[in-house]
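These numbers come from the heavy atoms of this one structure, side chains and all, not from hydrogens, waters or symmetry mates. Lettering of chains follows the sequences in order, A, B, ..., and the numbering in each one begins at 1.
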Amino acid sequence: MTPDVTRSRNRTALRLLIAAAVAVCVLLSLTCTVFRAGIYTKKSANTAVGDEKYLAARAEVDTVAEEYRTKGFDVAVSETVTERTNSKGETSSLVTFSISQELEKNGWSFLGTGLPSSVILTVLLSCVLLSVACAAAGVLGSMGELPRYLGPREKILRSAAGLFALIALLLVPVFVMSNTVIFSRKLGLYSAGTVTEGAEAFYRKVGDYLFGNAAGTDPSGALKGLTFRNTPAFWLTMIPLFAMVLAAVQLRHGTIGNTLLRGLLYAFVLLVSVVFLYPYYVMLVSAFRSNAETNDMYFLHLLPTKWVWSNLTDIVKRGVPRYLLNSAMIAGGATLIAMLCGIPAAYAMARMNFKGKNAFLGFVIMSQMFSPVVLLIGIVQLMSTLKLNDSILGLMFINAAFNQAFAIWLLRGTFVSISPEMEQAAKIDGCNTVQSLLRVLLPMAAPGIVTTLIFIFINAWNEYTISTVLISTAGNRPITVGITQFSSFNMIEWQYLFAASLLATIPVVILFMCIEKHLVSGLTSGGVKG
Amino acid sequence: MNTLNNKRWWEPYLWLLPSIVLMAIFVVFPIAIVFRLSFSEISKSGIVGGFIGFRNFKEAIGLPAFKTVMINTFWWVLSVVGLSTLIGFALALVLNKKFHGRKIARAIVVFPWATSLVIQASVWNYIIKYEYGNLNNVLLNLGIIKQAVNWRSSYQVEFIWECWVGIFVTIPFVTFCVLSGLQSIDGTLYEAATVDGAGGWAKLWKITLPLVRPSLTVSTVLNIIYVFNSFPIIYTMTKGAPANKTDTLITYLYMLNFYDRKKGPATALSVIGFVILCICAGIYMITVMRKEDDT
């Protein structure tokens with residue numbers, strides 16, 4: 001592409017970007033939200049339309065309306081009539097007069113009101129401005145019309161233009177959502193009286209925004225009947241904002257197609273991350289809410305209003321450290337036993353030839369299938385015969401045995417991948433088999449051994465079913481069983497349940513992230529899962 | 001490799017001994033016990049009587065909930081394994097691409113795998129509560145819904161939620177299996193295909209799928225077995241209620257044995273489950289052994 005073509009394309013893209021920014025500003029001046037505030041209602045019962053009582057009520061309402069008009073409200077009076085028949089068969093009407101005000105607000109009107117949506121709108125507009133500024137600076141830079149110190153940053157400037165436009169684009173739904181939350185959920189809860197905290201300040205802010213200072217009085221009455229709807233005008237701003245993103249991409253990369261695909265990729269990854277992290281978000285915030293907040297269906301916030309750290313000290317009193325210790329002992333013991341039995345077996349499988357080797361290998365793979373759950377009844381019987389039921393030692397052995405297959409399989413894979421030459425050299429130097437294993441092979445196989453170790457530890461740590469059946473003494477419970485004490489039949493203490501879960505989850509997640517890389521290679525050959 | 005030495009032929013077996021003893025006591029013994037019990041008369045208090053042939057099996061199959069439970073087990077395994085394989089595969093394809101933050105994304109995907117199932121199930125149990133659940137709270141606070149939604153309006157819906165949690169915790173395993181398969185594919189294959197004018201779909205079907213098929217087979221068969229055996233999710237979320245309508249074989253036999261004290265039929269169900277597992281395990285073994293021969 002010749003410099004001239006590039007230059008003219010850049011100019012076109014820049015013009016498009018600026019035009020789109022102007023379009024955003026124009027769209028913001030259209031009506032984006034329509035409010036209907038009921039300021040005053042009067043009910044007149046046992047009347048008929050047109051009779052004396054009706055006229056009197058009507059006159060009274062008109063006077064009130066006039067009063068509001070002189071105060072600067074633009075109000076309208078409406079009436080609804082409901083026919084009623086009493087037990088004697090006489091028909092009368094219930095007339096409801098209401099004075100209400102329709103308010104059409106455009107996007108600009110939100111600025112500087114102190115409401116959350118005004119903050120969002122401010123950020124959005126600054127992003128639009130910054131995007132235009134960056135794009136213009138970037139294009140000027142390529143034409144050599146920029147101060148020298150900005151010249152080399154031309155690419156960064158163009159990327160920034162795209163980024164700012166993208167942020168502005170994403171803020172549109174955030175703005176509409178915050179509007180919905182403020183005017184529908186919050187107002188609804190405040191006026192129904194289910195939530196009172198902060199109501200007054202909120203009423204004042206919304207009142208100031210809707211009626212200006214004209215109200216002068218307590219606006220809470222008017223706000224109680226407030227209804228609102230968003231018009232499509234604000235959503236439409238997404239079109240020019242998207243055009244801005246495209247123009248910026250064109251400026252930065254010269255083409256649009258690849259970048260769009262890339263954008264889709266990031267959007268997908270973002271979505272997956274949000275879904276995967278969601279339960280952990282729930283665990284985290286619920287662990288530090290008060291009991292009232294975890295059970296409150298009118299809860300107004302995404303985070304705890306006050307982080308209740310005492311939940312942690314409470315669960316300490318309820319025996320959680322003991323359970324964590326038990327879990328660590330069970331998992332540690334199981335890992336130790338599994339490794340002590342598994343390393344020699346894996347060594348024999350990797351380095352020796354003998355009859356029945358394949359049969360043993362087959363049995364090892366088969367035993368991977370035998371879930372302890374389906375054999376639960378047999379295990380319970382066995383453990384009571386061995387006097388190992390209700391003991392931590394018993395759980396160690398069971399976990400070790402059911403992870404044995406995995407240990408042998410993964411360790412064998414590690415040993416096979418290491419050349420036996422070093423061991424043979426050690427033997428020539430006078431080591432026996434055991435020494436060569438301990439001094440030569442094991443240090444070399446350390447990464448594989450650590451992976452196996454951690455994996456068995458995690459499996460045993462997370463085990464629930466057998467422990468819940470075998471353990472009856474509270475002091476012997478592992479944490480997975482221990483957390484169930486917080487959920488009794490009719491009352492669940494969610495905050496304690498999640499605080500304990502959090503403590504049980506953090507260490508294993510960290511451990512797992514350490515071995516994640518090594519696990520991928522060992523996976524398909526060994527076949528493992530928690 | 002040591003050759004077989006006649007004088008010390010027993011040495012390899014000595015190395016295997018600890019492992020064999022451990023597994024014989026804690027894996028093979030329970031199998032034997034379960035089999036013996038399934039053919040014996042057992043009283044409610046657990047006193048084992050004499051041999052009664054297949055009477056326990058007949059009783060188990062004759063239980064009113066048996067059919068529901070078997071159908072549930074089938075749908076549970078099919079939906080969880082099927083959907084998690086599909087989603088996990090797609091996720092692996094994405095995570096195999098190079099992009100900023102890939103390491104973080106991979107670490108996040110590991111999370112559900114590392115978490116205890118009982119904890120995961122408790123969290124989801126809280127999320128979908130009607131009155132104060134977190135999903136309703138979040139959606140209300142984001143203004144997406146106007147009124148709290150009852151996410152568990154019927155037992156069918158509850159079962160679907162249980163399946164979702166099953167899928168959620170199974171996806172990472174599939175993803176990492178497929179990723180390990182994808183990493184072994186030679187990049188030049190794709191370049192050659194591009195030169196020949198193959199599009200994205202053609203490459204997926206003609207190169208990627210055939211080459212990751214071994215990993216996919218391993219993960220699928222293992223998942224069938226693990227999901228079949230899965231106990232904590234259903235036990236935590238519904239306990240099989242109402243009336244065993246959300247039970248699978250595993251949770252049902254647990255309830256039967258430890259709540260209803262019908263030990264005879266429960267052991268019979270154990271054996272049935274064990275046989276089903278053995279069939280799956282046999283298929284798995286043949287696949288793995290064949291793969292071993294290939295390499």
Side-chain angles (χ1 to χ4, degrees), chain A residues 177 180-181 185 265 268-269 273 276-277 279 282-283 295-297 299 302 341-342 344-345 347-348 351-354 362 365-367 369-371 373-375 377-379 381-382 397-398 400-401 404 458 462 464-465 480 494 497 501 504-505 508-509 512-513 516 520-521 523-524 527 529-530, chain B residues 1-2 4 12 15-16 18-19 22-23 26-27 29-31 33-34 91 94 99 105 107-111 113-116 118-119 122-123 126-127 131-132 134 137 140-143 148 173 176-177 179-181 215 218 222 225-226 229 231-232 250 257 266-267 270 273-274 277 281 285 288:
Chain A
M177 271 182 188
T180 313
V181 172
R185 180 163 158 79
L265 177 83
F268 180 77
V269 172
S273 309
F276 270 71
L277 287 179
V282 173
M283 210 193 289
N295 285 306
D296 183 4
M297 72 184 292
F299 193 56
L302 293 174
C341 299
Y347 180 71
R351 292 280 189 264
M352 298 171 193
N353 260 330
F354 54 91
I365 300 174
M366 276 294 264
S367 79
M369 317 293 116
F370 304 153
S371 139
V373 187
V374 82
L375 303 174
I377 300 166
I379 290 173
Q381 191 96 1
L382 172 78
F397 277 112
I398 286 284
Q404 191 61 191
I458 293 171
N462 285 340
Y464 166 71
T465 318
T480 46
W494 294 106
L497 177 65
S501 301
T505 308
V508 278
V509 167
F512 214 112
M513 276 156 67
E516 174 241 309
V520 172
S521 55
L523 261 181
T524 33
K529 198 196 170 207
Chain B
M1 182 118 4
N2 291 1
L4 194 68
W15 286 88
L16 290 183
S19 181
L22 183 70
M23 287 207 274
F26 293 99
V27 180
F29 238 40
I31 298 175
I33 293 173
V34 168
L91 195 56
V94 170
F99 58 88
I108 288 173
V109 170
V110 160
F111 274 36
W113 193 359
T115 311
S116 177
V118 59
I119 291 175
S122 302
V123 176
Y126 178 65
I127 288 174
E131 300 89 352
Y132 49 81
N134 193 279
N137 181 248
L140 280 170
N141 274 325
L142 291 181
F173 179 63
F176 276 85
C177 273
L179 265 180
S180 76
S215 342
V218 172
L222 282 178
I225 290 152
Y226 295 134
N229 281 325
F231 173 81
I250 297 289
N257 190 67
T267 46
S270 280
F274 184 76
L277 279 183
M285 230 172 87
V288 171

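- A 6.0 Å sphere centred on OH of Tyr126(B) holds more than 12 heavy atoms belonging to other residues, nucleotides or ligands.
- For a residue to count as touching a neighbouring chain, one of its non-hydrogen atoms must lie under 4.5 Å from one of that chain's; by this rule Leu302(A) touches chain B with backbone and side chain alike.
- For Ile108(B), the parts sitting under 4.5 Å from any heavy atom of chain A are the backbone and the side chain alike.
- Closest approach of Ala401(A) and Met23(B) over heavy atoms only: O-CG, 4.2 Å.
- Among Val109(B), Asn257(B), Leu140(B), the residue with the largest count of heavy-atom pairs under 4.5 Å with chain A is Leu140(B).
- Both the backbone and the side chain of Phe274(B) come within less than 4.5 Å of a heavy atom of chain A.
- What you find for Ala114(B) and Ile458(A) is that their closest heavy atoms are O-CG2, 4.3 Å.
- Side-chain contact check for Val27(B) versus Gln404(A): every heavy-atom pair is 4.5 Å or farther apart.
- In this structure, chain B has a heavy atom under 4.5 Å from the side chain of Leu497(A), while its backbone stays farther away.
- Chain A forms more heavy-atom pairs under 4.5 Å with one residue of Asn229(B), Ile250(B), Val34(B) than with any other, namely Asn229(B).
- In this structure, the portion of Phe268(A) lying under 4.5 Å from any heavy atom of chain B is its side chain and not its backbone.
- Taking both residues in full, the closest heavy atoms of Ile127(B) and Pro279(A) are given as CD1-CA, 4.2 Å, listed atom of the first, atom of the second, then distance.
- Annotation for Asn462(A) and Thr115(B): closest pair ND2-C, 3.7 Å, computed over non-hydrogen atoms.
- Annotation: maximal heavy-atom pairing with chain B below 4.5 Å, among Val269(A), Thr180(A), Leu375(A), occurs at Leu375(A).
- Side chain of Ser270(B) to backbone of Val374(A): a donor-acceptor contact under 3.5 angstrom is found.
- Between the OG1 atom of Thr267(B) and the CD atom of Gln381(A) there is a distance of 10.0 Å, given to the nearest 0.5 Å.
- In terms of heavy atoms, Val181(A) sits closest to Asn141(B) at CG2-O, 2.6 Å.
- Of the inter-residue distances, the one linking Tyr347(A) atom OH with Trp15(B) atom CH2 reads 5.5 Å to the nearest 0.5 angstrom.
- With a threshold of 4.5 angstrom between heavy atoms, Val110(B) approaches chain A through side-chain atoms but not through N, CA, C or O.
- The aromatic rings of Phe397(A) and Phe26(B) lie parallel to each other, their planes meeting at an angle below 30°, with 60° marking the opposite boundary.
- In this structure, the separation between CG on Leu91(B) and CZ on Phe276(A) is 6.0 Å, given to the nearest 0.5 Å.
- Nearest heavy atoms, Pro12(B) versus Ala348(A): O-CB, 4.1 Å.
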